[in-house]
Amino acid sequence: MGEEKEKTLKAGANVRISILTLILFFMDSIVTIIIIAIVCLVAGVFAGYMLFLHVIKGKYNEMMDTAKKEADVIKEKKLLEVKEKFINKKAELEKEVQARNQKLQQNENRLKQKEASLNQKQEELGRRRQEIDQSQKRIDNEKKLLTLKQEDLEKMQNQEREKLEELSGLSAEEAKRRLVESLKDEARTDAASYVNEIMDEAKLNANAQAKKIVIQTIQRVATETAIENSVSVFHIDNDEVKGRIIGREGRNIRALEAATGVEIVVDDTPEAIVISAFDPIRREVCRLALHQLVADGRIHPARIEEVVAKVKKQLDNEVVEIGKRTAIDLGVHGLHPELIRIIGKMKYRSSYGQNLLQHARETANLCAVMASELGLNPKKAKRAGLLHDIGKVPDEESDLPHALYGAKIAEKYKEKPDICNAIGAHHDELEMNTLLAPIVQICDAISGARPGARREIVEAYIKRLNDLEAIAMSYPGVTKTYAIQAGRELRVIVGADKMDDKETEALSGEIANKIQNEMTYPGQVKITVIRETRSVAYAK
């Protein structure tokens, strides 16, 4: 049993050894196969990699060769462009350098020339300084000699005077006085004889010559006759326009009257409105303002005030143009601009119904003709005749007569003394110093005295209206006055900041009493005192 068991164990061991041997064999085969497979895979990968490197390297070399060639071409092009730019830039820089060098050379040449001229001037100044010093020395020496000679001469004169005083027994002053008196008596006697002869001859010829000159002067100057009126008529197309001018409850008419200082009469007269005022400038402002308002179509108080202000400016410019045109027509040059403006204002003034500018032009022409007949300067005479009545159109009221005030204005604006004297003396209120004065006086009288030239009632009427306005303006606080309705109404505008409503009521009574006591007038005069406060603001 023991042997069988031992045999069985041996047999099992052999079987296990065989199985293990077989397993080991199979395992060795599998490992060998795996190793062979791995070796084959590695060899295939290596062969593929080497093939890939060969192909890639060929393409890479080909691309590198192509890139190198293209790079060489681009490099050559860029080098050529850079060289060309370098050459162009170098040429430009060389030109700039050359131009700068030329400028520097020119500046250097100019500096050298200036330096040379300065050196010459300095040398010349040095020579002149030396000459001046020498001249000054000569002058000083001559002054010394003259001083010595003057002293010697005074000594000799004193000695001669002393000798003459000893011989004559009279002092020098006494001898001089007696000599002057004797010469005066002799000259007075001779002059008296000459004056008597001239006076006798002048008396024989004066009347005939004067009549001849005056008649010739009047015949050579012809001026149309025109009488100034105190009303203007504004023509309109239809009654609808008249209603728009009147406005609601007459507010447009009142605004226009207040802005211009005239009286507007709207009655049953078809297609006409009457503008009444003694001042032609106010009438003209109102007429032109109405014309613009009707043409524009917008008629209301604010627009009326705007248009009136605009028309006043236009009329001021027109006044200056009229003055210039008058001066040019008469050939009177060199007048001060303010005198030209005053001459233009004469168109809108009248004297005894005679237009003042026409009167001044006529007087100027008469003066020129008369001065020529008498052998005097006709231009001066014409100038004095044109300016003789400038005192009638003052910008500010004056207590002086118009002749004296006109002379004062002319003197203010640098007119010559003989012109000023002719203006101030043409109504004998100054002494006549030149022949221009009587010529202007005579020609003024001729122009005013010719038939149809003047009308006394107009001057009296204007004076009455001026007096009315002057009385009102004499009170403090009054800013403007307007005499309207042919002097039957006086409108007084006072400053709202200068008096209150109670003082306004008292002022109207005081003005009425003063007018009653100081003036003579037909009918009655209505005094209207206006006090207005305005507040204006702007929204922006």
Side-chain angles (χ1 to χ4, degrees), residues 228-232 253-265 274-287 289 308-309 312 315-316 319 342 345-353 356 389-402 405-406 409 456-496 498-499 503-532:
E228 293 290 327
N229 297 317
S230 60
V231 297
S232 298
I253 287 290
R254 288 196 299 274
L256 190 59
E257 288 179 343
T260 57
V262 303
E263 172 72 12
I264 299 176
V265 180
V274 177
I275 303 168
S276 174
F278 80 94
D279 189 340
I281 292 182
R282 295 179 189 171
R283 293 203 310 272
E284 186 68 9
V285 168
C286 184
R287 188 185 68 81
V308 168
K312 285 181 179 178
L315 199 60
D316 289 340
V319 163
I342 291 173
K345 284 179 65 178
M346 288 183 180
K347 179 182 178 182
Y348 300 101
R349 291 289 187 273
S350 61
S351 176
Y352 293 94
L356 199 58
D389 269 347
I390 58 175
K392 288 186 177 180
V393 284
D395 292 327
E396 299 177 356
E397 294 297 330
S398 174
D399 295 333
L400 295 173
H402 78 272
Y405 189 55
I409 293 173
E456 179 69 26
I457 190 171
V458 176
E459 182 68 18
Y461 165 73
I462 292 173
K463 185 178 184 303
R464 179 163 59 85
L465 298 183
N466 282 332
D467 291 341
L468 280 173
E469 293 186 347
I471 287 173
M473 285 297 295
S474 65
Y475 286 89
V478 177
T479 58
K480 292 180 182 178
T481 59
Y482 298 105
I484 59 177
Q485 292 187 356
R488 292 191 297 273
E489 181 178 354
L490 179 65
R491 291 189 181 175
V492 183
I493 300 175
V494 299
K498 295 180 180 178
M499 58 176 62
E503 292 176 342
T504 302
E505 294 176 0
L507 179 63
S508 61
E510 291 176 8
I511 294 174
N513 291 330
K514 191 169 183 179
I515 291 173
Q516 289 177 2
N517 296 329
E518 296 183 6
M519 291 188 63
T520 302
Y521 50 91
Q524 63 182 11
V525 179
K526 177 183 176 183
I527 293 89
T528 305
V529 180
I530 301 170
R531 178 177 178 269
E532 182 181 10

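No experiment lies behind these values; they were computed from the predicted model shown.
Between G261 and I484, the shortest heavy-atom distance links the atoms O-CG2, 3.7 Å. Of all non-hydrogen atoms in T479 and G495, the two that sit nearest each other are CG2-N, 3.9 Å. Considering every non-hydrogen atom in both L490 and L468, the closest pair reads CD2-O, 3.7 Å. Closest heavy-atom contact between V262 and R283: CG1-N, 4.0 Å. Annotation for V492 and V478: closest pair CG1-CG1, 3.6 Å, computed over non-hydrogen atoms. Heavy atoms only, all atoms of each residue included: L256 and C286 are closest at CD2-SG, 3.9 Å.
With sequence neighbours left out, the side chain to side chain contact (heavy atoms under 4.5 Å, CB included) criterion links K480 to Y482, I493. Residues that satisfy the side chain to side chain contact (heavy atoms under 4.5 Å, CB included) test with A496, not counting sequence neighbours, are R531, T533. By the side chain to side chain donor-acceptor pair (under 3.5 Å) test, R491 pairs with E257, E489, sequence neighbours left out. Partners of Y405 according to the side chain to side chain donor-acceptor pair (under 3.5 Å) rule, which considers only residues two or more places apart in sequence or in another chain, do not exist here. Under the side chain to side chain contact (heavy atoms under 4.5 Å, CB included) criterion, E503 pairs with M499, D500, sequence neighbours left out. Remark: A255 pairs with P301, I304 by the side chain to side chain contact (heavy atoms under 4.5 Å, CB included) rule, at least two apart or across chains.
Using a 4.5 Å heavy-atom threshold, the side chains of Y348 and V319 count as touching. At least one side-chain heavy atom of I390 sits less than 4.5 Å from a side-chain heavy atom of M346.
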Step by step, would you call L465 with E469 a side chain to side chain contact (heavy atoms under 4.5 Å, CB included)?
CA-CA 6 Å; L465 298 183; E469 293 186 347; 5.8 Å; no
Item to complete: Evaluate the criterion side chain to side chain contact (heavy atoms under 4.5 Å, CB included) for residue pair I471 and M519; output intermediate values, then yes/no.
Response: CA-CA 10 Å; I471 287 173; M519 291 188 63; 3.6 Å; yes
* Begin with the C-alpha distance, continue with both residues' side-chain angles, and end with the deciding distance and a verdict on salt bridge (charged side-chain N to carboxylate O under 4.0 Å, His left out) for E263 and K526. => CA-CA 13 Å; E263 172 72 12; K526 177 183 176 183; over 6 Å; no
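Interatomic distance, CG of N466 versus OG1 of T481, reported as 9.5 Å (0.5 Å rounding). Atom-to-atom distance recorded for H402:NE2 and I409:CD1 is 11.0 Å, nearest 0.5 angstrom. Note that the CZ atom of R464 and the CD1 atom of I515 stand 10.5 Å from one another [nearest 0.5 Å]. To the nearest 0.5 angstrom, L356 atom CG is 5.0 Å from D389 atom CG.
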